[in-house]
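The model shown is predicted, which means the values in this text are computed figures rather than measured ones. Here is how names work: the chains are called A, B, and so on, in the same order as the sequence lines, proteins then strands, and each is numbered from 1.
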Amino acid sequence: MHWADAFVKDLEGKQTVSTGISPSGHIHVGNMREILTGYFFHRALQDKGTESRFIYLCDDIDPLRKVYPFLKREQYEQHVGKPLSSIPAPEGEGTYSEYFLKPFLETLETIGVKVEVIRSTDLYRDGVFEKAIDIVMNNVPRIREILETVSGRQLEANWAPYNPICSACGRINSTSVKGYTYPYIEYTCKCGNSGKADIRKNEGKLPWRIEWPAKWYALGVTIEPFGKDHGAAGGSYDTGKAIAEEIFGIEAPKYLIYERIFLKGKGAMHSSTGNVIAASEMVKSAPPEILRFLIARSQPSRHIEFDPGLGLLNLVDEYERYRNVFYGLAEAADEDDARTYELSRVMEEKPDTFVSFRHLITLVQIYPTEDMLLKALQRGGYGGTELSSYLRKQVEIANSWLETYAPEQVKFSLLPQDSKVELTQEETALASSFLGKMDSIEWTPEGIHNTIHELIKEQNLQPKTGFAAFYKILIGKERGPRLGYFLSNLDRDRIQQRFKAVLA
RNA sequence: GGGCCCAUAGCUCAGCUAGGUAGAGCAUCUGGCUUUUAACCAGGUGGUCGAGGGUUCGAAUCCCUCUGGGCCCGCCA
């Protein structure tokens, strides 16, 4: 059974699956594990007939913690400590949080993940947390005790479970609470200001360890996946659970702790280190279903070694195998293969329009126009009369991948006309006999192919060795695309000149 | 000092939560094939399952210890 199905197997009654990512920087491939793990739970629930709500909480009221490496110091120094939803975007119009949220939401659209997006600023502004905050403010001593006991940390004497946003300087990290009379929290700020924050509005926020259980309470969260950083003993899940039970009188959600995603050879993806690939960048250079597949096929407890280069191509190969299993075209290696495909695919496809991505990688390097590409695909069994919009997109993605992530191994291009190549005697003989026939060859795929094949046989060479000679001369590699189609697409004179130059 | 996760073929991983003679894909090699465009077909090489101990007739699988890698137990999320 797939891990997502196993997780929800025994759950009954309406479920609310919650996920959350802070828009403090580019939302990257590593963050996708949060949203997709939740999404798969949601799907698994629906597929077994259990009602489910799936939400993504965008923590946009969180303050800017520091000037991140990707920000301009002179622009952002003044904004440290202010909510992400109230400071300007690094470029263009709009707020900081929306600037990073937008490409993420577009990516979700691209990969076909539908989720209810909730901004935490809105939750505060609309009073959704009103009751939770009131409960919290009336239970400060008990909450303090829970935090100190469960997490083992010592809280400062003036600690309060609410951080007001200063009405004068806009900072959330420089205020201290002085008192509470519903619905106002009195505070003073280091900037000299003092005032009242209305708990029914977005005039302050709960600190994370309180806010989390407050979300469970206010939104009725029953399931939540989260990274292992929250899961340590005494960590925020432990304190959240205690607060949920003892203060709010609710059960903490059923949880799953997932591992991080690493960039192959470069360690964990972390916005602060810059070691990231933005999710919105990845979907430009990888088929959209692959992002889902990456997460769906891996056990959540295992870290993922993500390789956008050759590894990506292997990943797509595997995805396509699973697809074939689903359609009964191949035998399953594992009982979950078909289910994993089902959770990963973005849209339904007909088997006669399957085109392997690896194949496409070759084709786009040979054919410059869509028309030529279509004809090539049709020769290969493609059933459509024109390129589907999906395929057109795949072509775009293939080109982008070749430019951005592809290793030399899968790329090819014609060598410069005058570049030198070392040939054996046999290869030289073969090349010169080919050159001799150049003018009489019928310049079609079959004509070229047949001629070359005859020449190889005449000289008693292994086909492999013979073909390799041509690849060495043309693209400097041992292997390459089938010669007939490849050469027929190229200018005959140019090839002739190339062989002359090599043999000179 | 404490908690958690991971370690299986060159690479990516499955198998582990009902213990029973090590698996898949990719890579590599061999053979076939070169009008299904690095295709495809057949086959091979390749692992003392991180180390040590224990339980067992039998351990990759259960228990303990250790090693290595990663994350957390301050603030913030």
Side-chain angles (χ1 to χ4, degrees), chain A residues 6 20-24 59 61-66 81 84 120 150-156 163 172-173 205 207-209 211-212 226-239 257-260 262 264 267-268 270-271 294 297-307 310-315 317-322 331-337 356 358-363 365-367 373 375-382 409-412 444-450 452-453 456 462-464 466-467 471 475 477-489:
Chain A
I21 301 167
S22 161
S24 57
D59 299 314
I61 202 170
D62 291 356
L64 182 71
R65 286 161 53 193
K66 59 178 181 180
L84 302 174
S120 58
V150 178
S151 75
R153 78 196 238 226
Q154 198 64 35
L155 296 173
E156 288 176 27
N163 299 321
I172 200 168
N173 63 347
K205 85 182 279 285
W208 165 247
R209 283 182 185 249
E211 186 176 72
W212 205 16
F226 49 86
K228 62 195 306 183
D229 42 339
H230 297 305
S236 52
Y237 182 79
D238 275 1
T239 53
I257 298 176
Y258 57 82
E259 258 284 359
R260 308 188 104 78
F262 292 69
K264 189 174 167 71
H270 245 302
S271 348
L294 178 73
R297 74 179 196 126
S298 306
Q299 294 297 328
S301 63
R302 299 182 59 121
H303 77 254
I304 292 175
E305 204 68 49
F306 181 64
D307 170 15
L310 200 59
L312 183 91
L313 215 47
N314 289 334
L315 196 62
D317 278 346
E318 196 175 342
Y319 170 78
E320 289 168 356
R321 257 200 314 283
Y322 284 32
E331 227 168 281
D334 186 280
E335 54 170 280
D336 294 334
D337 289 358
S356 105
R358 194 180 280 270
H359 184 37
L360 213 50
I361 291 293
T362 303
L363 295 187
Q365 293 183 83
I366 303 176
Y367 297 106
L373 184 69
K375 283 189 180 133
L377 286 173
Q378 286 169 332
R379 280 195 295 272
Y382 177 67
Q409 194 177 338
V410 299
K411 287 199 264 193
F412 60 84
T444 62
E446 285 147 33
I448 295 167
H449 185 85
N450 289 338
I452 293 174
H453 201 219
I456 290 173
Q462 292 284 338
K464 193 176 182 177
F467 281 99
Y471 295 128
I475 60 175
K477 299 189 166 205
E478 292 290 320
R479 303 207 289 180
R482 298 219 171 184
L483 283 173
Y485 288 112
F486 186 40
L487 289 186
S488 70
N489 190 48

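Each of rU12(B), rA38(B), rG25(B) was ranked by its minimum atom distance to the side chain of E305(A); first place goes to rU12(B). Set against rC26(B), rC5(B), rC73(B), the side chain of S301(A) has rC5(B) as its closest nucleotide. Closest to the K205(A) side chain, of the nucleotides rA38(B), rG74(B), rA77(B), is rA77(B). Comparing rA38(B), rU12(B), rA77(B) by their nearest atom to the side chain of H359(A) picks out rA38(B).
The residue R297(A) sits close only to the backbone: its heavy atoms come under 4.0 Å of sugar-phosphate atoms, none of a base. Residue S151(A) is classed as a sugar-phosphate contact, given heavy-atom separations below 4.0 Å to backbone atoms only. Among the heavy atoms of the strands lying under 4.0 Å from Q299(A) are primed sugar atoms or P, OP1, OP2 only; no base atom is included. Contacts of I456(A) with the nucleic acid, taken as non-hydrogen atoms under 4.0 Å apart, are absent. As judged by a 4.0 angstrom heavy-atom cut-off over every strand, T362(A) is placed among the base-contacting residues. Nucleic acid contact class of E259(A) (heavy atoms, under 4.0 Å, all strands): base. The residue F467(A) sits close to a base: some heavy atom pair falls under 4.0 Å.
Using P as the reference atom, rG44(B) and rA60(B) are 24 Å apart when rounded to the nearest Å. Separation of the P atoms belonging to rC4(B) and rC11(B) is 29 Å when rounded to the nearest angstrom. A gap of 24 Å separates the C1' atoms of rG10(B) and rC16(B), to the nearest Å. Here the separation of rA59(B) from rG52(B), taken at their P atoms, is 14 Å to the nearest Å. Comparing the P positions of rU30(B) and rA14(B) gives a spacing of 32 Å, expressed to the nearest Å. Taking atom P on both rG1(B) and rU65(B), the two are 15 Å apart, rounded to the nearest angstrom. When the C1' atom is compared between rU8(B) and rG2(B), the two are found 30 Å apart, to the nearest whole Å.
Relative orientation of the W208(A) and W212(A) rings is parallel, given thresholds of 30° and 60° on the angle between their planes.
At rG69(B), none of the side-chain N or O atoms of H303(A) fall inside 4.0 Å of OP1 or OP2 (strictly under the cut-off). Applying the 4.0 Å criterion to OP1 and OP2 of rA7(B), one finds that R302(A) has a side-chain N or O inside that range. Dashed line: the shortest gap from a side-chain N or O of R153(A) to OP1 or OP2 of rC75(B) is under 4.0 Å.
Checked against ring pair (Phe, Tyr, Trp, His ring centres under 6.0 Å), Y471(A) has no partners two or more places apart in sequence or in another chain. Taking H359(A) as the reference, nothing meets the ring pair (Phe, Tyr, Trp, His ring centres under 6.0 Å) condition, with sequence neighbours excluded.
For RNA chain B, runs of at least 3 consecutive pairs of the Watson-Crick or G-U wobble type, with both hydrogen-bonding distances under 3.5 angstrom, map to B:1-7 with B:67-73, B:10-13 with B:23-26, B:28-32 with B:40-44, B:50-54 with B:62-66.
Ion pairing between a basic and an acidic side chain is recognised when a charged N comes within 4.0 Å of a carboxylate O; D336(A) and R297(A) show no such pairing.
Other residues, nucleotides and ligands contribute at most 12 non-hydrogen atoms within 6.0 Å of the NZ atom of K375(A).
Between P63(A) and N163(A), every side-chain heavy-atom pair lies at or beyond the 4.5 Å cut-off.
In this entry the base of rA60(B) is anti relative to its sugar, with a glycosidic angle more than 90° from 0.
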